[in-house]
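Reviewing the structure listed below.
Along the sequence shown, residues carry numbers from 1.
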Amino acid sequence: MQGLIGRRVLSGTAQSLLRQRCFSQVAQSEVLPDNGVATPKMPPFDYTPPPYTGPTADEIFAQRKEYLSPSMFYFYNKPLNIVDGKRQYLFDESGRRYLDGFGGIATVSCGHCHPDVVEAIVNQTKRIQHSTILYLNHAIGDFAQALASKLPANLKVVFFTNSGTEANELAMLIARLYTGSHDIISLRNAYHGNAAGTMGATAQGNWKFNVIQSGVHHAVNPDPYRGVFGADGEKYANDVQDLIDFGTSGHVAGFMCEAIQGVGGIVELAQGYLPAVYNSVKKAGGLFIADEVQCGFARTGSNFWGFEGHGVVPDIVTMAKGIGNGIPLGAVVTTPEVAEVLTRRNYFNTFGGNPVCTAAGLAVLKVIEKEKLQDNAFVVGSYLKERLNALKDKYELIGDVRGRGLMLGVELVTDRELKTAAKAETVHIMEKMKDLGVLIGKGGFYGNVFRITPPLCFTKDDADFLVDAMDYTMSKI
């Protein structure tokens, strides 16, 4: 569209209508010229996967339709059959290589099949896969100690879980037991999981079923792009105090939030928000729960944990995804005082602290440190964000570029003034970028935000290829 209409000749509404009409024509015909943008070339990579001899994508899709839950969805008109992965690249059944700009939903931290992580998993599997925490095994203690060393203050007691949802469920339970209060405050647009308690804390209708969800209040989201107070964090924080004053007894169990909302569309919290909210919640007797499921483990680059960018220390930290580089593993970390509440009854998790999973987790921590992946996330992420912002200057379709490190979001709108979600364009561009060999995710309540969360070993050449592919695709709209 950038090559078809002037940026300031038409009104925002007129541009929106014309853009939608022209986009529909382009999507059907694909006859527009390249507008001077060269076809991007994927960086070289010294790896060839072994030949794949398994079932085809069509056969797997048919099997999935018959035997797996119909609630499962997929990307792309023809879903990819991914059969191999190495570092920041994935390979399909034909051996075609793709740049992974999504990282299994911000989960692959060290890179696909990192040899150190694989070795740790294989070696532990050869010794013992499972014994339960009723017996002793050093793998769980070694990882817990290493994990505690990465956290501030007295956050050193670890409970291992199998997922981020489970970690957040446990954190909410602990906060309610410790404080004796039931009310928890989370943010609108938040996603914390879709089990019984976390579905209540989640605040997007797309992810909520019509079941009882009690005791959670959703505060106004401190979204600098779409929020009513822009980037003024303290004004948003006033809503939390209002919720405490008018929606509760004056005492709350806790406040839960992500430093950068992942599923919600890579939304950063307005600066000044968390310190102000922290004070309100503490005065009401509540605990601060930092959900680091997506933005933890060096992904933001500037810090190892997302909350560290806001100058607050939580009482409970939840984590998963990048913790195991793809192994099903999560954790809740809190203080000895708070952890004591679970001794009032029996708390047990059959697979929490599985030796294979915790061996993988320890290997991940070592790789992040050895390969300086936090520094890489900062350097490459800053470069990638700079290039994406240059693309925003070029195309009116891009309304906002945001995030930190290698957790970046690009929001597409058909009208910058009205911020009308460009849903169809988002799906179309994702499809065409896949055809060029680039995989990215999407999210946000309206499904119009590209989620760029690649493995932390991403390079500047990879960043160039991703942006060039986006540029090339947008030049055809």
Side-chain angles (χ1 to χ4, degrees), residues 68-73 105 159 161-222 239-258 261-265 267 277 280-281 284-294 314-321 328 330-332 334 338 341-342 344-352 443-447:
L68 294 180
S69 169
S71 67
M72 294 182 178
F73 53 89
I105 317 179
F159 299 88
T161 66
N162 305 297
S163 69
T165 290
E166 193 178 76
N168 284 334
E169 285 275 329
L170 178 57
M172 293 171 68
L173 172 65
I174 290 173
R176 283 167 167 160
L177 291 174
Y178 181 78
T179 61
S181 298
H182 187 67
D183 292 291
I184 285 177
I185 298 172
S186 68
L187 298 178
R188 294 176 189 172
N189 197 52
Y191 179 88
H192 296 292
N194 53 10
T198 52
M199 189 178 293
T202 292
Q204 289 190 49
N206 301 332
W207 299 97
K208 294 169 76 73
F209 288 92
N210 186 26
V211 296
I212 294 174
Q213 300 166 39
S214 67
V216 180
H217 307 265
H218 301 120
V220 171
N221 194 34
D239 185 58
V240 174
Q241 187 61 55
D242 283 348
L243 285 175
I244 293 171
D245 292 340
F246 297 102
T248 76
S249 65
H251 299 278
V252 298
F255 172 81
M256 173 184 281
C257 79
E258 307 163 87
Q261 294 175 337
V263 174
V267 178
V277 167
S280 293
V281 171
L287 302 182
F288 172 35
I289 304 170
D291 181 340
E292 294 284 328
V293 170
Q294 292 197 34
D315 302 287
I316 302 174
V317 182
T318 64
M319 55 195 76
K321 291 190 182 291
V332 177
T334 188
V338 173
V341 298
L342 286 184
R344 298 175 187 172
R345 295 291 188 275
N346 290 330
Y347 174 77
F348 184 77
N349 184 314
T350 300
F351 295 103
F445 181 76
Y446 304 105

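What you find for Ile185 and Ala219 is that their closest heavy atoms are CG2-CB, 4.2 Å. Shortest non-hydrogen contact noted between Ala175 and Ala253 is CB-O, 3.7 Å. When all heavy atoms of Val252 and Ser181 are compared, the pair lying nearest together is C-CB, 3.6 Å. Contact record, Asp183 with His251: OD2-O, 4.2 Å, taken as the closest heavy-atom pair. For Met319 against Ala167, the heavy-atom pair with the smallest separation is O-CB, 4.1 Å. The two residues Gln204 and Gly264 have their closest heavy-atom pair at NE2-CA, 3.3 Å.
For Phe348, the CZ atom sits in a packed shell: over 12 heavy atoms of surrounding residues, nucleotides or ligands are nearer than 6.0 Å. Other residues, nucleotides and ligands contribute only 12 or fewer heavy atoms inside 6.0 Å of the CZ atom of Arg345. Taking a 6.0 Å sphere around CD1 of Ile212, one finds it holds 12 or fewer heavy atoms contributed by other residues, nucleotides or ligands. For His218, the NE2 atom is densely surrounded, since the number of other residues' heavy atoms within 6.0 Å is greater than 12.
A donor-acceptor distance shorter than 3.5 angstrom exists from the side chain of Asp239 to the backbone of Val220, with no hydrogens or angles considered. A donor-acceptor pair under 3.5 Å is absent between the side-chain atoms of Lys208 and the main chain of Ala203, judged by distance alone. With hydrogens and angles disregarded, no donor-acceptor distance shorter than 3.5 Å links the side chain of Gln294 to the backbone of Gly262. Judged by distance alone, with hydrogens and angles left aside, the side-chain atoms of Arg188 form no donor-acceptor pair with the main-chain N or O of Asn221 at under 3.5 Å. A donor-acceptor pair is defined here as one N or O able to donate and one able to accept, closer than 3.5 Å; no such pair exists between the side chain of Glu169 and the backbone of Thr165.
Of the candidates Thr198, Asn206, Val263, Val293, Val263 is the only one forming a side-chain contact (heavy atoms from CB on, under 4.5 Å) with Tyr191.
Here the side chains of Phe288 and Cys257 are in contact, with some heavy-atom distance below 4.5 Å. Using a 4.5 Å heavy-atom cutoff, the side chains of Ser214 and His182 are in contact. Looking only at side-chain heavy atoms (C-beta outward), Phe159 and Asn349 stay at 4.5 Å or farther from each other. For the pair Asn168 and Met256, the minimum side-chain heavy-atom distance is below 4.5 Å.
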task = Determine, stepwise, if the pair Val216 / Met172 fulfils side-chain contact (heavy atoms from CB on, under 4.5 Å).
result = CA-CA 10 Å; Val216 180; Met172 293 171 68; 4.3 Å; yes
request  = Show your reasoning for whether side-chain contact (heavy atoms from CB on, under 4.5 Å) applies to Glu292 and Thr318.
outcome  = CA-CA 6 Å; Glu292 294 284 328; Thr318 64; 5.7 Å; no
Trace of the side-chain contact (heavy atoms from CB on, under 4.5 Å) decision for Phe255 with Leu187 = CA-CA 9 Å; Phe255 172 81; Leu187 298 178; 4.1 Å; yes
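One distance of note links OG1 of Thr334 with CG of Leu342; it measures 9.5 Å at 0.5 Å rounding. Atoms CD1 and CD1, on Ile316 and Ile289 in that order, are 4.5 Å from each other to the nearest 0.5 Å. A distance of 5.0 Å separates CG of Asp291 from CD of Glu258, quoted to the nearest 0.5 Å. Distance CG/Asn189 to CD/Gln261: 4.5 Å, rounded to 0.5 Å. If you take CG on Leu287 and CD1 on Ile174, they are separated by 9.5 Å, rounding to the nearest 0.5 Å. Here the straight-line distance linking atom NZ of Lys321 with atom CD1 of Ile105 works out to 4.5 Å at 0.5 Å rounding.
In this model, a donor atom of one side chain and an acceptor atom of the other lie less than 3.5 Å apart for Ser71 and Ser69.
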